[in-house]
Structures are given as C-alpha cells and as structure tokens.
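Report on the structure given below.
As a basis for the values below, the full set of heavy atoms in this structure was taken, side chains included, without hydrogen atoms, waters or symmetry mates. Just so it is clear: chains get the letters A, B, ... in the order the sequence lines come, proteins before strands, and each one is counted from 1.
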2 protein chains.
Amino acid sequence: MADMTLTSLQKEFLLHFGEMGSRWGINRTVGQIYALLFLSEAPLNAETITEALGISRSNTSMGLKELQSWNLVLLRHQQGDRRDYFTTPDDLWEIVRTLVAERRKREIDPTLTKLRELEMMGKTGDPYAEARIAELREMIEMMTQFHDEMNRLETERLVQLMTMGRTLGGLLDKAPRLNPFRKAK
Amino acid sequence: MADMTLTSLQKEFLLHFGEMGSRWGINRTVGQIYALLFLSEAPLNAETITEALGISRSNTSMGLKELQSWNLVLLRHQQGDRRDYFTTPDDLWEIVRTLVAERRKREIDPTLTKLRELEMMGKTGDPYAEARIAELREMIEMMTQFHDEMNRLETERLVQLMTMGRTLGGLLDKAPRLNPFRKAK
DNA sequence: CGGCCATTTCAGAAATTTCTGAAAATCATG
DNA sequence: CATGATTTTCAGAAATTTCTGAAATGGCCG
C-alpha cells in the first residue's frame, strides 16, 4: 500500500467531514472516506482507505458503495493491478452539480411526486390543506425548473452569474417579463 | 381540544413528511409535527398535536423545541388561554428562505470556518491538499455570497428571476463582466 | 404563599443505524 | 476449470438516536 501516514492537515479535515457527515445525510465513515479521496491526488484502493481510517474492510466496501450511489467517486484502474482505485473529480463545480442533483433526487423529487398524488385525491373536505398542498407543489416546481436552467449553463456562465453581486437586481430590469406570477401574500 | 380527527389527506401528507424527515436532517416526529402545523389553518397547541400524532407529550415538547430552533414555527397566543399555540408562516417563500438560511448555518458555515482554520496551519508538506482546501473554500465563499445576493432580492424579483427560463443565459450577455474568474479545469 | 395548569427536563427503554468478522460471491488468469 | 486475489453480503454486536413516563420547573391567580 502507499504509505498511509496522514498529515495533520488531512487528519483534521477528515475528522471534520466525519462529524459533518450526519448533518449532510451520510454517516461518519462515508464522510471520512470522501474527505480522504478528496485530498488525495492519486486514486486510492479500498485496502489503503481501510488502513488510513482504521475501520474494517467491509465498512470501507459499504462506504464506497454508498459514495458510488451518490455518483461522488470515480472508479479508476491501474495497469497490471486488478484492484479498484477511487478518486473524486478534479473539477469542484462538477462535484457541486452532482451533489445538488443527488440531493434533489432524494430530498425533493419524492415529495413532488407525493404532492401530485395527493392532489389527485380530489375533494377531501379540507379546502385549506388542499390549497396549501397545491401552493407547495407550484413552488417546488418553480424551484426545480430554475435549477434545471442553472444546470444548463456552462460553468463559465454560472460563475459569471454568481459573481455578479449587486448587479443582479439591476439586471432584472433589462429582462423581458415572462410568466407574470402572482405576488406572494 | 379541537376535534383532532385527521382527514385522509392530512394523514398521508403527514406520514410522507415523517418518512422524509430523516433525509432532511430532522426526525420523523419533527417532520410530522411540522406537516400537521403546515396544513392547519388555525394554530395548534401541544396537547392537540400530541393527540393527533399519537405520541407522548414530552416528545411533542422536544419536537416543537427543535422546530423553534430552526425558526420554522411561529408562537401564537389566544385570548384567555395560557397555552402556547404554534403555526407555520403563511408565505411559502418566507419558509424557504428560513430553511435555506438554517441549513446553510448548520451544513455550510461550520465547514467554511474549519477550512479557513486549516489554511492558517501554514506549510504542511502536502501542497496538493492545501490547494484543494483553498479551492474548496473559495468556491463555498462564492456560493454563499451568491446566496446573500439572492436573499437580498424581494420575493417578487426572486420569482421574476426564477421564471425567466431560457432567457437566463441570454441575459448574461447584457451584464457587465465583473470579477473575471478562472475557468474550471 | 399555595395551588394549579402548562411546559421542560432527563434517565432509562425502545428503535434505528452503523460497524464488524466471517462466509460467500466474483472474476481474471494460468 | 481450479486458484487465488479482491470485493460484497449479511447476521449479529455496538453505537447512536429517538421516545417515554415521571419528576422538576415556571409562572399566574387568588
């Protein structure tokens, strides 16, 4: 295995990601595996990760599986070595796009589906709840459509948009108004 | 207590929020309490919530405390009744703003602080990790600044921006370019 | 002050999630 | 198709989180 003495920088970063893991909807181990890969220039194999983090080999396997299900790691192979090596994308913007897409898939889309389903139920004798649900569905649709738009922009454009600062408000004056939308109460 | 027979619409919505709770970083009970308040036109007191959800009074108390720490519920009082009554804001945009702000506070800000702290460590003998950490910090700063900007817009403007659709890309051509930023590799 | 109603706290019980070691599956290669 | 290296699965153990009932706290009113 590559020498797996971690620098104090790596150690601290990795412990932080571990602690934050629970807040981000992944567990400590998964957070730490990700952090380790993120800071490693070269791809790492499961055995190296296991040693570096002092966890069981099976736990590493499950953690990597979880990261793969999030599309957060890339699988690489080395010439003449059958083991799997993992990395994270170099491009941070790609990472963020993936993260947002996956979170949307897990945290938003199922709710959108459920809301549409509830609206299909028809009259329920609770007009207030029906209205609230419809309103919520509309808002989520608007936000996911906006996300789709942002996602369509190339990275350079996205950065341009994000660094616009105060101009954002003024810019809207120049935009044609489409889809006039009722003002929120 | 107000009659707490739930309609089937309420029941389904509430169960869904309960299930999603874990994905959203709150627990089932907290999700259900929020869902119930969200669909109720009138504010509810703890006893009513307890009965409606079939949980213990103390669990309700803890759940409400959690929701208050997220600023997701409003406390109301009724004339001649000493009990606390809770609701959610009518304005969904306000709810989303709060949600995003709180998530940022819990999920992003501590990491930003930690990254800055790690950068203070100075030379660590791991230039790649140092560079990666700096790059991550820069990106998070850019995104949080963008969030601050969006947050500064009034709701009407925000809706206008979000409903712009395809025009978004074209609009950028009209914007003055500030802060040219290196293209991602 | 004392009684009463409402809410919070908290220690332990219950439920859920995470982790491990051992066994099973996979799969390239001789 | 047998071998050995690698990865995955999975049942139970360990750790963590959530929930409860009982006791403590808080505060209003007479």
Side-chain angles (χ1 to χ4, degrees), chain A residues 1-2 4 14-15 17-37 43-70 73-87 106, chain B residues 1-2 4 14-15 17-37 43-70 73-87 106:
Chain A
M1 248 66 311
M4 260 305 121
L14 198 138
L15 289 178
F17 265 55
E19 284 168 24
M20 296 302 285
S22 44
R23 302 197 190 182
W24 298 333
I26 58 178
N27 65 40
R28 180 177 22 198
T29 305
V30 174
Q32 291 187 354
I33 294 176
Y34 188 79
L36 182 63
L37 295 176
L44 304 178
N45 62 42
E47 188 56 31
T48 308
I49 296 169
T50 300
E51 286 174 21
L53 301 184
I55 58 179
S56 73
R57 181 64 184 72
S58 55
N59 198 4
T60 303
S61 177
M62 285 170 139
L64 286 169
K65 210 179 88 186
E66 171 86 355
L67 286 172
Q68 281 175 291
S69 84
W70 279 79
V73 292
L74 301 172
L75 188 50
R76 286 286 154 68
H77 280 106
Q78 318 250 314
Q79 193 52 264
D81 187 337
R82 323 212 233 110
R83 289 171 297 180
D84 292 339
Y85 283 77
F86 300 88
T87 9
R106 286 153 215 255
Chain B
M1 247 67 313
M4 261 303 120
L14 197 139
L15 289 177
F17 265 55
E19 283 168 23
M20 296 302 285
S22 43
R23 301 197 191 183
W24 296 335
I26 55 176
N27 65 41
R28 180 178 20 199
T29 306
V30 174
Q32 291 187 354
I33 294 176
Y34 187 80
L36 182 62
L37 294 177
L44 304 178
N45 62 43
E47 188 55 32
T48 308
I49 295 169
T50 300
E51 285 174 22
L53 302 184
I55 59 179
S56 72
R57 181 62 185 73
S58 54
N59 198 5
T60 303
S61 177
M62 286 171 138
L64 286 169
K65 210 178 89 185
E66 171 86 354
L67 286 172
Q68 282 175 290
S69 85
W70 279 81
V73 292
L74 301 172
L75 187 51
R76 285 286 153 70
H77 280 108
Q78 317 250 316
Q79 194 50 267
D81 188 336
R82 333 211 229 105
R83 289 171 297 179
D84 293 338
Y85 283 79
F86 300 88
T87 7
R106 285 153 215 256

>> Run the side chain to side chain contact (heavy atoms under 4.5 Å, CB included) test against B/Q68 and tell me which residues pass, sequence neighbours left out.
In response: B/V73, B/L75, B/F86
> To the nearest Å, how far apart are A/E66 CD and D/dT9 C1'?
Replying inline: 16 Å
>> Rounded to whole Å, how long is the line connecting atom CG of B/L64 with atom P of C/dT8?
In response: 8 Å
> Does the side chain of B/K65 get closer than 4.0 angstrom to OP1 or OP2 of C/dT9 through an N or O atom?
Replying inline: yes
> Given the rule in the side-chain contact (heavy atoms from CB on, under 4.5 Å) test, do B/L37 and B/I49 qualify, once you have shown the distances and angles that lead to the verdict?
Replying inline: CA-CA 9 Å; B/L37 294 177; B/I49 295 169; 4.0 Å; yes
> side-chain hydrogen bond (donor to acceptor under 3.5 Å, both in side chains) with A/R106: which residues, sequence neighbours excluded?
Replying inline: A/E102
> Closest heavy-atom contact between A/L15 and A/Q32?
Replying inline: CD2-NE2, 3.9 Å
Name the pairs: protein N/O against N/O of nucleotides 16-22 of chain C, kept only if under 3.5 Å.
from: C/dC19; atom 1: OP1; to: A/T29; atom 2: OG1; distance (Å): 2.7
from: C/dC19; atom 1: OP2; to: A/T29; atom 2: OG1; distance (Å): 2.9
from: C/dC19; atom 1: O5'; to: A/N59; atom 2: ND2; distance (Å): 3.4
from: C/dT20; atom 1: OP2; to: A/S56; atom 2: N; distance (Å): 3.0
from: C/dT20; atom 1: OP2; to: A/S56; atom 2: OG; distance (Å): 3.0
from: C/dT20; atom 1: OP2; to: A/N59; atom 2: ND2; distance (Å): 2.9
from: C/dG21; atom 1: N7; to: A/S58; atom 2: OG; distance (Å): 3.1
from: C/dG21; atom 1: O6; to: A/S58; atom 2: OG; distance (Å): 2.7

> Got a sec, which residues hit ring pair (Phe, Tyr, Trp, His ring centres under 6.0 Å) with A/W24, two or more places apart in sequence or on another chain?
Replying inline: A/F17
> Can you tell me how far CD1 of B/I26 sits from OH of B/Y34, rounded to the nearest 0.5 angstrom?
Replying inline: 9.5 Å
> Residues in side-chain hydrogen bond (donor to acceptor under 3.5 Å, both in side chains) with B/S56, at least two apart?
Replying inline: B/S58
> Which atom names give the shortest non-hydrogen contact between A/L64 and A/A46, and what distance separates them?
Replying inline: CD1-CB, 4.1 Å
> Expressed in angstrom and rounded to an integer, what is the separation of B/D84 atom CG from C/dT8 atom P?
Replying inline: 7 Å
>> Using the side chain to side chain contact (heavy atoms under 4.5 Å, CB included) criterion, which residues pair with A/E19? Sequence neighbours excluded.
In response: none
Hey, what are the protein-to-nucleotides 24-30 of chain C N/O distances that come in under 3.5 Å?
none

> What residues form a salt bridge (charged side-chain N to carboxylate O under 4.0 Å, His left out) with A/R23, not counting sequence neighbours?
Replying inline: none
>> Using the side chain to side chain contact (heavy atoms under 4.5 Å, CB included) criterion, which residues pair with B/L74? Sequence neighbours excluded.
In response: B/R76, B/T87, B/P89
> Within this structure, what is the CG-to-C1' distance between A/L75 and D/dT7, rounded to whole angstrom?
Replying inline: 12 Å
> Could you give the angle between the helix axes at the two ends of the helix from C/dC1-D/dG30 to C/dG30-D/dC1, with five pairs per end, rounded to 10 degrees?
Replying inline: 20°
> In whole Å, what is the span from the CZ atom of A/R83 to the P atom of D/dT7?
Replying inline: 7 Å
> What's the OH-C1' distance between A/Y85 and D/dT7, to the nearest Å?
Replying inline: 14 Å
> Tell me: CG of B/L44 to P of C/dT7, nearest whole Å?
Replying inline: 13 Å
